[in-house]
Number of protein chains: 2
Amino acid sequence: MNKLRAIQLFVRLAELGSFTRVAEQLNTSKSVISKEVSRLEEDLGVRLLHRTTRNVQLTHAGEGYLQRAREILAQLEAADSFVQDLQQVPRGRLKINAPMALGITELSRMFADFMRAYPDIELDIHLGDEDVDLVEQGFDLGFRASSQPLDLAYVGRPLTRFGYHVCAAPQYLQQHEPIVSVDDLRSHNCFEYSYFKGRNVWPLDEGVSIGGTLRVNSVIFMLSAIKSGLGLGLVPEFLCREALASGELAEVLPNARKPELTLYALYPARHFVPARVLQCIDFLEAWFLRQR
Amino acid sequence: MNKLRAIQLFVRLAELGSFTRVAEQLNTSKSVISKEVSRLEEDLGVRLLHRTTRNVQLTHAGEGYLQRAREILAQLEAADSFVQDLQQVPRGRLKINAPMALGITELSRMFADFMRAYPDIELDIHLGDEDVDLVEQGFDLGFRASSQPLDLAYVGRPLTRFGYHVCAAPQYLQQHEPIVSVDDLRSHNCFEYSYFKGRNVWPLDEGVSIGGTLRVNSVIFMLSAIKSGLGLGLVPEFLCREALASGELAEVLPNARKPELTLYALYPARHFVPARVLQCIDFLEAWFLRQR
DNA sequence: ACGTCTGTTTCCATTTTGAAAACAACTGGT
DNA sequence: ACCAGTTGTTTTCAAAATGGAAACAGACGT
């Protein structure tokens, strides 16, 4: 017995109230309907319909089964559509949260590629470094850099790892005392990032308390200040990579031990994750892998 | 393809991660598993699993389908159990609301039979004539006598019909003026039932305003007062049948037009009605039919 | 490079299926 | 009261699908 088809036939039979009409509607013989429904009843060990020669009516068991069968069939159809839609070009809106600095640099290039690959997806990107609750604010996706695994209510996919560099403008280094050990930083103008969890302690080797004339909640702003030769900063690799390569900035204490962070893509651990979110994450993983 | 079995195999496969192990567990050959899952994928038009020679892993589509498939299978199982449990001896508790007078007479005999037939069902019977909200108070079943169809949020099954009689004790009739027309009632001591919707107008022929020295919210109480020869009452048939037959009471105005009420069994129109409620209603219908 | 373990495919006997026809049961009209 | 017309069930048998064994192909570990 094909139970699923038997159930479908039973539902149709309950709707049309006639074996003959079901057979006609499905272009098959009534013997098929009769046999299959009988087999279903046999399988259940329960009579679902009272048959007379004139009409077919549901038993109480049949009524209960009908309701449930309808729901099951609807869900099956939904499940089928789900996987089939996944094959389609995804469409719809993706609301995304990302740290400012990252969003301006790496992610802007990444999302440019993404938009080219999925022209039917609308992006709604919110850059900011404050802690936000993804679910509460209705975000489909968020980016977080962290050393430890992660929060709990979210699924996190590691995308890439990056380090930090202590950077300064060559001009600043010329005009100030040389920096050869971590402790030398104490007497320099070290900029502080407001949201940095260590506050005024930079995690170099065993850690060093720093101080300076700038405290700002934007690493981008800090970077311009550094480029202007005003002081030193602990800057994420992806932000200073270019400036270091071009000589616009110089690295200080390249051999000091510095933290490494992992960039995660986070999405709410909902019951059913929308197809376009899964597609997007696949794209993210592939993209960062390609960047290596 | 037997889609249902294919889905079951797919779920098992996702759990065990190996075609071979699924085949072993089900005492079948791996070719069956392979073929059936392939057919499912073909039917969906989607690849559910990545196969390598070393292991089997879900695609994203597969992950989504797996979640949904699990739910569907669980629901199917629940549906099957539902109809099968319906065949079993019902058990559990039934909370029932009924009018006081009816509960004391007809229903007490009915439920005695019911309890004998279904010894595993616990009855929690609340008799009272106040309007109660079945759902709010957690009743599985209620009884209402009414002339019109019914409320809306409930499913109602008509059980039986019954009429009313104007009754008095022979002693009362001897000691008072004879009653030959409906209007004669105006000068008699007519008892009033508090919950009666017509209040002090008895629905005899075109209706007649009555008055008397007793107004009570229990027809049983009223009946004893009538039996004591204190006055007249409009009494439901099922309450006075015995007393009329034995001569303890006499009927007045037997030919006046009186209302006929239908007794309904009501149950909340919930999504899924518990099996024992349906069983009970079946019993009710059969019982009242037998009483005819 | 080989052996071994994976999943897939092929082959064919077996089982299951399905349409048509015969059948049985009941209804409704006359 | 009967008969004709429908209804669902059963039978029949050819066609289709299924399932197990074995051959096959690919990937990993040694």
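In what follows, every chain begins at residue 1, and chains take the letters A, B, ... in the order their sequences are listed.
- Remark: F82(B) engages no residue in a ring pair (Phe, Tyr, Trp, His ring centres under 6.0 Å) (not counting sequence neighbours).
- In 5' to 3' order, the nucleotides of DNA chain C bounding all contacts with chain A (an atom under 4.0 Å from a heavy atom) are dT17(C) to dT27(C).
- Take E260(A) and apply the side chain to side chain contact (heavy atoms under 4.5 Å, CB included) test, not counting sequence neighbours, and it matches R161(A).
- Qualifying side chain to side chain contact (heavy atoms under 4.5 Å, CB included) partners for Q75(A), counting only residues two or more places apart in sequence or in other chains: E71(B), I72(B), Q75(B).
- For P268(B), the side chain to side chain contact (heavy atoms under 4.5 Å, CB included) partners at least two apart in sequence or on another chain are L134(B), V135(B), Y154(B), R270(B).
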Using a cut-off of 4.0 Å between protein heavy atoms and nucleotide atoms, how would you tag nucleotides 2-12 of chain D 5' to 3' with B, S and -?
---B-BBBBBB

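- Residues of residues 1-8 of chain B having a heavy atom closer than 4.0 Å to DNA chain D, listed by number: M1(B), R5(B).
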Check residues 7-15 of chain B and write down every donor-acceptor pair under 3.5 Å in which the side-chain atom is one partner and the other belongs to a residue at least two apart or another chain.
unit_1, atom_1, unit_2, atom_2, d
R12(B), NE, Q25(B), OE1, 2.4
R12(B), NH2, Q25(B), OE1, 3.2

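- Qualifying ring pair (Phe, Tyr, Trp, His ring centres under 6.0 Å) partners for Y267(A), counting only residues two or more places apart in sequence or in other chains: none.
- Residue pairs meeting the salt bridge (Lys or Arg N to Asp or Glu O under 4.0 Å) criterion with at least one partner in residues 38-49 of chain B, sequence neighbours excluded, are K3(B)-D43(B), E36(B)-R39(B), E41(B)-R51(B).
- Without hydrogens or angle criteria, D140(B) side chain to K95(B) main chain gives a donor-acceptor distance under 3.5 Å.
- Looking at residues two or more places apart in sequence or on another chain, you find no side chain to side chain contact (heavy atoms under 4.5 Å, CB included) involving E242(B).
- In this structure F139(A) satisfies the ring pair (Phe, Tyr, Trp, His ring centres under 6.0 Å) test together with H126(A), sequence neighbours excluded.
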